[in-house]
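Values below: every heavy atom of this structure, side chains too, minus hydrogens, waters and symmetry copies. Throughout, residue positions are numbered sequentially from 1 according to the sequence presented.
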Amino acid sequence: MTNTLKNGSAGDDVKRLQEQLNSVLKLNPPLATDGKFGLNTERVVQTFQAQNKLGVDGIAGPKTHAALNAKLSGKPVQPPPPALTTPGSSGAAWFEIAKKEIGVKEQTGSAANPRILDYFKATTLKTTSDETPWCAAFVNWCLAQAGITGTLSAAAASWVNWGSSKGAQTGAITVIHNPAMANSSLSRSGNHVGFLVEETSTHYVLIGGNQGNEVKETRFPKKSWKLKGHRWPN
């Protein structure tokens, strides 16, 4: 299970998560395995995260799933690699806006998700397809919602010299490049842009659009993806 699950999620993945939490934590009374991620499930996720020295946010993302699977298989939970990001809150309104868009995804077939078309309205590219690479459009839209003018371009590379240079701070607009991804569904150029969650010794962790055809948090390995820049509004 790799889906990010949080308060409001529902379905078989949530039920499986609840069963895993019951098994690992030996809860008494056990957590209801109703497939509904409510406050009780959120609190139990937070308990598990605290016990295993994970980031305590009540959201079952990749790190939490990996730790659960390790516990269930009897293996030690591997601590996350040390973060290189500036500690503390990002203080970036656009980053909070981006997080609220997690879960927006492309529609299959000829139909387009109107939300993704809204992202493109923050650029000069007019399209009626949500299959056009839209990572830069998403960044432009989030900044626009925070009252900041971005590049107005749908090209990820347009962010390389935008604003001012910034270190690996949470919320930074981060441009990375992987030539092997050129002409893929993610990128036409091999460039990608998103908002930095954290930078570790091995990965860039970004919240971005068009990551697996949706808005989500993704880990990009440094062995494949090279940094072009962390940027911040002037």
Side-chain angles (χ1 to χ4, degrees), residues 84-85 92 94-95 97-99 101-146 148-200 202-234:
L84 304 180
T85 43
W94 58 88
F95 184 65
I97 291 166
K99 288 193 291 186
E101 295 296 299
I102 289 175
V104 172
K105 62 179 62 178
E106 296 176 15
Q107 291 186 8
T108 57
S110 59
N113 186 327
R115 188 61 157 180
I116 295 175
L117 298 186
D118 283 343
Y119 300 155
F120 278 109
K121 291 177 183 177
T123 75
T124 56
L125 179 65
K126 307 305 177 187
T127 181
T128 58
S129 172
D130 61 7
E131 295 182 2
T132 301
W134 47 278
C135 62
F138 176 70
V139 172
N140 270 291
W141 182 88
C142 291
L143 285 165
Q145 302 311 299
I148 299 169
T149 301
T151 66
L152 307 181
S153 171
S158 68
W159 294 94
V160 172
N161 296 311
W162 178 86
S164 58
S165 179
K166 193 71 173 179
Q169 179 169 324
T170 299
I173 295 97
T174 298
V175 185
I176 53 179
H177 177 72
N178 181 352
M181 295 302 295
N183 297 314
S184 69
S185 60
L186 174 66
S187 173
R188 294 288 181 263
S189 62
N191 295 308
H192 181 65
V193 63
F195 298 109
L196 187 69
V197 178
E198 67 174 354
E199 179 181 340
T200 75
T202 58
H203 288 79
Y204 301 105
V205 185
L206 306 182
I207 290 177
N210 201 32
Q211 296 180 178
N213 298 329
E214 63 181 295
V215 179
K216 65 177 181 178
E217 180 178 312
T218 305
R219 298 172 62 83
F220 293 88
K222 286 183 173 180
K223 64 182 181 181
S224 302
W225 291 89
K226 305 306 178 185
L227 179 68
K228 282 197 166 183
H230 298 303
R231 311 298 296 182
W232 202 264
N234 288 325

- Message: Under a plain distance cut-off of 3.5 Å, with no hydrogens placed, do Glu106 and Trp134 share a side-chain donor-acceptor pair?
- Response: yes
- Message: Are the side chains of Glu198 and Arg219 in contact, using a 4.5 Å heavy-atom criterion?
- Response: yes
- Quick one: closest heavy-atom pair of Leu117 and Asp130, and the distance? CD2-N, 4.4 Å
- Heavy-atom nearest pair, Pro114 first then Gln107, reads CD-NE2, 4.0 Å
- Taking all non-hydrogen atoms of both residues into account, name the closest pair between His230 and Leu196 and its distance. CE1-CD2, 3.8 Å
- Message: Going by ring-ring contact (aromatic ring centres under 6.0 Å, His included), Phe220 matches just one of His203, His192, His177. Which one?
- Response: His192
- Item | Non-hydrogen side-chain atoms of Leu206 and Thr218 separated by less than 4.5 Å | no
- Would a distance-only check, ignoring hydrogens and angles, find a side-chain to backbone donor-acceptor pair under 3.5 Å from Asn113 to Lys105? yes
- Heavy-atom closest contact (Val175 atom, Val160 atom, distance): CG1-CG2, 3.9 Å
- Are any non-hydrogen side-chain atoms of Arg231 and Ser165 less than 4.5 angstrom apart? yes
- Item | Backbone N/O of Pro179 and side chain of Lys226: donor-acceptor pair under 3.5 Å | no
- By side-chain contact (heavy atoms from CB on, under 4.5 Å), which residues pair with Ala154, not counting sequence neighbours? Phe120, Thr123, Leu125
- Note on the structure: Taking every heavy atom of Thr127 against every heavy atom of Thr132, the minimum-distance pair comes out as OG1-OG1, 3.5 Å
- salt bridge (charged side-chain N to carboxylate O under 4.0 Å, His left out) partners of Lys121, counting only residues at least two apart: Asp118
- Task: Could you tell me which non-hydrogen atom of Gln211 sits nearest to which non-hydrogen atom of Glu217, and how far apart they are?
- Result: NE2-C, 4.2 Å
- Query: With side chains defined as the heavy atoms from C-beta onward, is the minimum distance between Ile97 and Trp141 less than 4.5 Å?
  - Reply: yes
- Mind checking whether Pro233 and Trp162 have side chains closer than 4.5 Å, heavy atoms only? yes
- Message: Return the CG to OG distance between Asn140 and Ser153, rounded to the nearest 0.5 Å.
- Response: 7.5 Å
- Any idea how Phe138 and Phe195 line up, ring-wise: parallel (<30°), tilted (30 to 60°), or perpendicular (>60°)? perpendicular
- Between Ser224 and Pro221, is there a donor-acceptor pair closer than 3.5 Å when you use the side chain of the first and the backbone of the second? no
